[in-house]
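First comes the structure, then the notes that go with it.
Protein chains get the first letters and strands the later ones, always in sequence-line order, with residue 1 at the start of each.
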Amino acid sequence: MVGGVIKGVKVHRRDVVRDRSSRREGRLLSNHLGRDLTIERVGRRGKQLMISFSNGGGMIIRLGMSGRIALEDGSTRNPAPPHQHLVWVIGVPNHPERWTWMSFIDPRRFGGVYLFASIRDCRDRLLAGLGPEATSIQGRQLGDLLGRTRRAVKAALLDQSVLAGVGNIYADEALHRAGLHPARPGDSISAPEATRLAAAIRSTLRIAIQAGGSTLRDHILPDGSSGAFIEKHQVYGRGGAPCHHCRQPLQVLQIASRTSTFCSTCQR
DNA sequence: CTTGCGTCCTGCTCGC
DNA sequence: TGCGAGCAGGACGCAA
């Protein structure tokens with residue numbers, strides 16, 4: 001997509017375009033949705049997908065619980081699937097006759113698309129308050145962050161202002177891998193435990209991303225394939241089943257209003 | 001300031 | 001087979 005020009009945008013449901021700016025500029029951007037602009041960069045910060053345009057602006061896509069991005073070759077014209085809210089038609093660089101359809105599909109509509117006028121605007125309005133990247137978190141830094149709170153460590157991991165990029169599945173998986181009980185107060189986590197947890201978060205995410213993530217229901221990759229990490233889940237979705245490590249039945253607790261599955265023998 | 005809960009939505013699964 | 005309750009990958013606003 002990088003280097004491609006957005007040739008057109010179809011809007012099937014306007015309210016998934018969230019306007020967080022009170023300025024007129026923001027409203028104009030929301031109507032415009034990148035039409036006629038060249039895609040300069042595609043990136044990510046925490047759970048936000050970022051597409052920046054050559055004019056300095058861009059957009060952030062949040063998938064929420066059920067959202068996904070689909071990419072299709074322009075030559076295969078399929079009927080719009082249910083809950084397809086936005087479609088961008090993007091020229092393929094160096095192939096004037098080819099184009100890519102990128103669509104935003106989100107049944108529950110907890111996700112959305114946010115436009116920004118400049119990188120600075122993006123940073124101030126959309127990325128402000130995000131914690132450090134979970135994919136590269138180091139033990140020392142994680143220990144400092146957890147040491148500042150008495151909340152359950154699981155609740156802290158889910159808080160994007162503490163650490164950006166971990167959700168319910170990978171919080172449970174990383175805590176199991178690190179051998180830490182999800183209800184432990186953040187400030188009870190020792191330095192060696194924080195080192196273990198940081199390493200567990202990094203490796204859990206690395207392996208999960210490599211496997212294409214966890215397909216429970218809605219999540220599929222942009223090409224339509226499924227993520228295979230669910231086969232590697234140690235705890236998530238396995239409440240009552242035996243721990244792969246010690247064979248004891250896995251426990252289930254609500255922490256920060258989210259289902260948390262863990263092994264009370266292996267996780268202390 | 002910190003923390004927890006209700007809410008925003010649709011659709012699937014389970015039990016009666 | 002039909003139907004309602006409960007639950008789901010996230011994040012925000014509000015109240016205690």
Rounding to an integer number of Å, can you tell me how far [X] [atom1] sits from [N] [atom2]?
X	N	atom1	atom2	result
A:L130	C:dG10	CG	C1'	13 Å
A:H83	B:dC12	NE2	C1'	12 Å
A:K154	C:dG10	NZ	C1'	13 Å
A:M65	B:dC12	CE	P	15 Å
A:L146	B:dT2	CG	C1'	16 Å
A:L163	C:dG10	CG	P	13 Å
A:R258	B:dT7	CZ	P	17 Å
A:L157	C:dG9	CG	P	15 Å

When both hydrogen-bonding distances must be under 3.5 Å and the geometry is Watson-Crick or G-U wobble, what is C:dG10 paired with, if anything?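 Base partner found: B:dC8.
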
If pairing requires Watson-Crick or G-U wobble contacts with both distances under 3.5 Å, which nucleotide is the partner of C:dA5?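 With both distances under 3.5 Å, C:dA5 matches B:dT13.
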
Is atom CD of A:Q254 surrounded by more than 12 heavy atoms (other residues, nucleotides or ligands) closer than 6.0 Å?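 Result for CD/A:Q254: enclosed.
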
Atom NE2 of A:H12: over 12 foreign heavy atoms under 6.0 Å: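 Atom NE2 in A:H12 is crowded, with more than 12 foreign heavy atoms closer than 6.0 Å.
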
Report the nucleotide, chosen from B:dT10, C:dG10, C:dA11, that has the shortest atom-to-atom distance to any side-chain atom of A:Q160.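 The answer is C:dA11.
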
I want to check one thing: is the phosphate of [N], taken as OP1 and OP2, less than 4.0 Å away from some side-chain N or O of [X]?
X	N	result
A:R150	B:dT3	no
A:R148	B:dT2	no
A:S66	B:dC9	no
A:R151	B:dT2	no
A:S257	B:dC5	yes
A:K47	C:dA11	yes

Restricting to non-hydrogen atoms, name the atom on A:C266 and the atom on A:C246 that form the minimum distance, rounded to 0.1 Å.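 Where A:C266 meets A:C246 most closely, the heavy atoms are SG-SG, 3.8 Å.
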
Please state the P separation for the pair B:dT7 and C:dA5 - nearest whole angstrom.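 Their P atoms lie roughly 16 Å apart.
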
Pairwise P distance, B:dG6 and C:dG6 [rounded to whole Å]: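 So the two P atoms sit 14 Å from each other.
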
Assuming nearest nucleotide by heavy-atom distance, tell me which of A:R217 and A:A152 is located more 5' along DNA chain B.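 That would be A:A152.
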
Would you classify A:Y170 as touching base, sugar-phosphate or nothing, given that sugar-phosphate means primed atoms plus P, OP1 and OP2, and contacts are heavy atoms under 4.0 Å?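 No contact.
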
When we call it a touch if two heavy atoms are under 4.0 Å apart, what does A:D218 touch: a base, just sugar-phosphate, or nothing?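 Base contact - A:D218 has a heavy atom under 4.0 Å of at least one base atom.
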
Donor-acceptor pair (no angle test) under 3.5 Å: A:R108 side chain, B:dC9 base: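 Indeed there is one.
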
C:dA11 base to A:R62 side chain: any donor-acceptor pair below 3.5 Å?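 There is none.
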
Are A:F110 and B:dC8 stacked, counting the six-membered base ring, centres under 5.5 Å, planes under 30°?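 Check passed, A:F110 stacks on base of B:dC8.
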
Taking the six-membered ring for Trp, are A:F262 and A:H176 closer than 6.0 Å centroid to centroid?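 Ring centres of A:H176 and A:F262 not closer than 6.0 Å.
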
Do A:R62 and A:Y114 form a cation-pi contact, if we require the NZ or CZ to be under 6.0 Å from the six-membered ring centre and within 45 degrees of the ring's axis?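 Judged by the rule, A:R62 and A:Y114 form a cation-pi pair.
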
Pick out which of A:I201, A:T204, A:L158 makes a side-chain contact (heavy atoms from CB on, under 4.5 Å) with A:Y170.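 Single side-chain contact (heavy atoms from CB on, under 4.5 Å) partner of A:Y170 among A:I201, A:T204, A:L158: A:T204.
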
